[in-house]
2 protein chains.
Amino acid sequence: MVTPHEPKQDRSRATRQRLLEATIDCLAEFGWAAATVAVVAERAGVSRGAAQHHFPTREDLITAALEYMFDVRNGQATEEAASLAATSGVARTEAVVSGLVESYTSPLFKAALQVWTHAAADPALSQRIVPLEAKFGRVSHRRAVEALGVDDSDPVAHHLVQATLDLARGLGLADVLTDDSVRRKLIVQQWAATLHTALHG
Amino acid sequence: MVTPHEPKQDRSRATRQRLLEATIDCLAEFGWAAATVAVVAERAGVSRGAAQHHFPTREDLITAALEYMFDVRNGQATEEAASLAATSGVARTEAVVSGLVESYTSPLFKAALQVWTHAAADPALSQRIVPLEAKFGRVSHRRAVEALGVDDSDPVAHHLVQATLDLARGLGLADVLTDDSVRRKLIVQQWAATLHTALHG
């Protein structure tokens with residue numbers, strides 16, 4: 001059912017997505033100071049007026065970009081979960097931990113880090129992103145529980161899955177200034193082995 | 001042996017320390033943008049000229065503040081180590097993990113996070129702080145090994161101590177926008193129990 005309005009809506013949606021992707025690129029590459037509506041619009045090849053139509057304030061742009069990052073990450077996690085179907089035992093645990101940890105070294109994490117760190121000293125922005133963070137944390141936890149095949153009502157399993165997400169965040173932060181991949185790989189292997197023993201005996 | 005030069009040197013040293021402490025306060029409370037030589041000098045009650053005598057550039061000030069944070073943290077860690085003397089077994093492991101993790105929720109961590117995150121998009125600053133970070137990482141690792149009483153030449157122990165430091169960093173980041181202390185306490189307890197079993201059987 002094509003209506004005359006759809007092409008215009010499609011264009012508007014594509015413009016919005018270009019702006020959000022440019023925001024993530026600007027944050028990850030050039031940091032917080034570069035992620036203004038004007039700089040992002042230029043990078044996205046969108047007029048400043050069109051950008052301001054979508055995102056009247058910088059906070060609107062940043063908040064929408066954070067939501068977009070979470071959607072992209074959720075899509076990646078769905079693909080990772082599908083690729084786990086053939087694995088089992090400690091190999092599966094290691095694949096789950098590795099997938100999680102690597103997601104925290106992506107440009108998405110580096111962009112989100114810029115937002116979190118700025119929001120630490122900006123109560124108005126913080127108030128807008130805390131509910132998004134809480135929702136993302138719940139979804140990430142549920143996905144990790146499912147991927148690891150554990151019973152989340154068991155407090156040991158619940159807290160070790162939480163710890164694994166916190167470890168992933170810490171390893172992400174350790175990768176911001178230097179390439180930490182060699183050290184990280186060894187830590188993921190050891191964590192996965194220790195976690196597997198603790199979860200499955 | 002008091003010489004006529006000492007009082008002036010003492011005053012200079014005290015001024016330097018006031019500037020570094022004001023830098024940490026500014027970073028932790030108001031974020032990167034507020035941590036300029038001018039703003040820090042005003043907060044420290046030091047003239048801008050005197051501040052620029054100690055720290056000609058913002059990068060000099062920030063780098064010196066990061067070194068000062070590491071010194072303060074090392075002093076705290078020495079005190080924590082002394083307070084462990086009476087503990088043993090899993091209680092000691094939990095005290096070590098808890099002390100480490102709590103250190104990553106302090107204003108020092110929040111100030112350092114502002115520097116790391118800004119440096120991610122500032123190669124000149126990054127180049128200056130990466131060697132400091134590497135040294136701090138080595139010292140923190142060695143201290144944790146000693147406090148836990150493990151053999152660092154055992155790869156399992158080595159990587160689990162590293163993972164504990166990464167977990168602590170991740171828990172620190174989770175505390176930046178909201179008070180995460182209730183959740184964190186449960187994770188520290190569980191990880192200490194799992195770590196103790198993995199290290200000591």
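Values reported hereafter were calculated over all heavy atoms of this structure, with side chains retained and with hydrogens, waters and symmetry mates removed. Lettering follows sequence order; numbering is per chain, from 1.
Only the side chain of Ile129(B) comes within contact range of chain A, with at least one heavy atom under 4.5 Å from a heavy atom of that chain. Proximity to chain B (any heavy atom under 4.5 Å) is shown, for Val156(A), by both the backbone and the side chain. Heavy atoms of Ala198(A) lying under 4.5 Å from chain B belong exclusively to its side chain.
Interface summary for chain A: among Leu177(B), Leu171(B), Val188(B), Leu165(B), the most heavy-atom pairs under 4.5 angstrom belong to Leu177(B). Counting heavy-atom pairs closer than 4.5 Å to chain B, the top-ranked of the candidates Leu195(A), Leu113(A), Val176(A) is Leu113(A).
Here the shortest heavy-atom pairing between Gly31(B) and Ala121(A) reads N-CB, 3.5 Å. Here the shortest heavy-atom pairing between Ala163(B) and Ile187(A) reads CB-CG2, 3.8 Å.
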No hydrogens needed, just list the donor-acceptor pairs between chain A and chain B under 3.5 Å.
from: Gln114(A); atom 1: NE2; to: Thr117(B); atom 2: O; distance (Å): 2.9
from: Thr117(A); atom 1: O; to: Gln114(B); atom 2: NE2; distance (Å): 2.9
from: Thr117(A); atom 1: OG1; to: Thr117(B); atom 2: OG1; distance (Å): 3.0
from: Gln162(A); atom 1: OE1; to: Arg183(B); atom 2: NH1; distance (Å): 2.7
from: Asp166(A); atom 1: OD1; to: Arg183(B); atom 2: NH2; distance (Å): 2.8
from: Asp166(A); atom 1: OD2; to: Arg183(B); atom 2: NH1; distance (Å): 2.9
from: Asp166(A); atom 1: OD2; to: Arg183(B); atom 2: NH2; distance (Å): 3.2
from: Arg169(A); atom 1: NH1; to: Gly170(B); atom 2: O; distance (Å): 3.0
from: Gly170(A); atom 1: O; to: Arg169(B); atom 2: NH1; distance (Å): 3.0
from: Arg183(A); atom 1: NH1; to: Gln162(B); atom 2: OE1; distance (Å): 2.7
from: Arg183(A); atom 1: NH1; to: Asp166(B); atom 2: OD2; distance (Å): 2.9
from: Arg183(A); atom 1: NH2; to: Asp166(B); atom 2: OD1; distance (Å): 2.9
from: Arg183(A); atom 1: NH2; to: Asp166(B); atom 2: OD2; distance (Å): 3.3

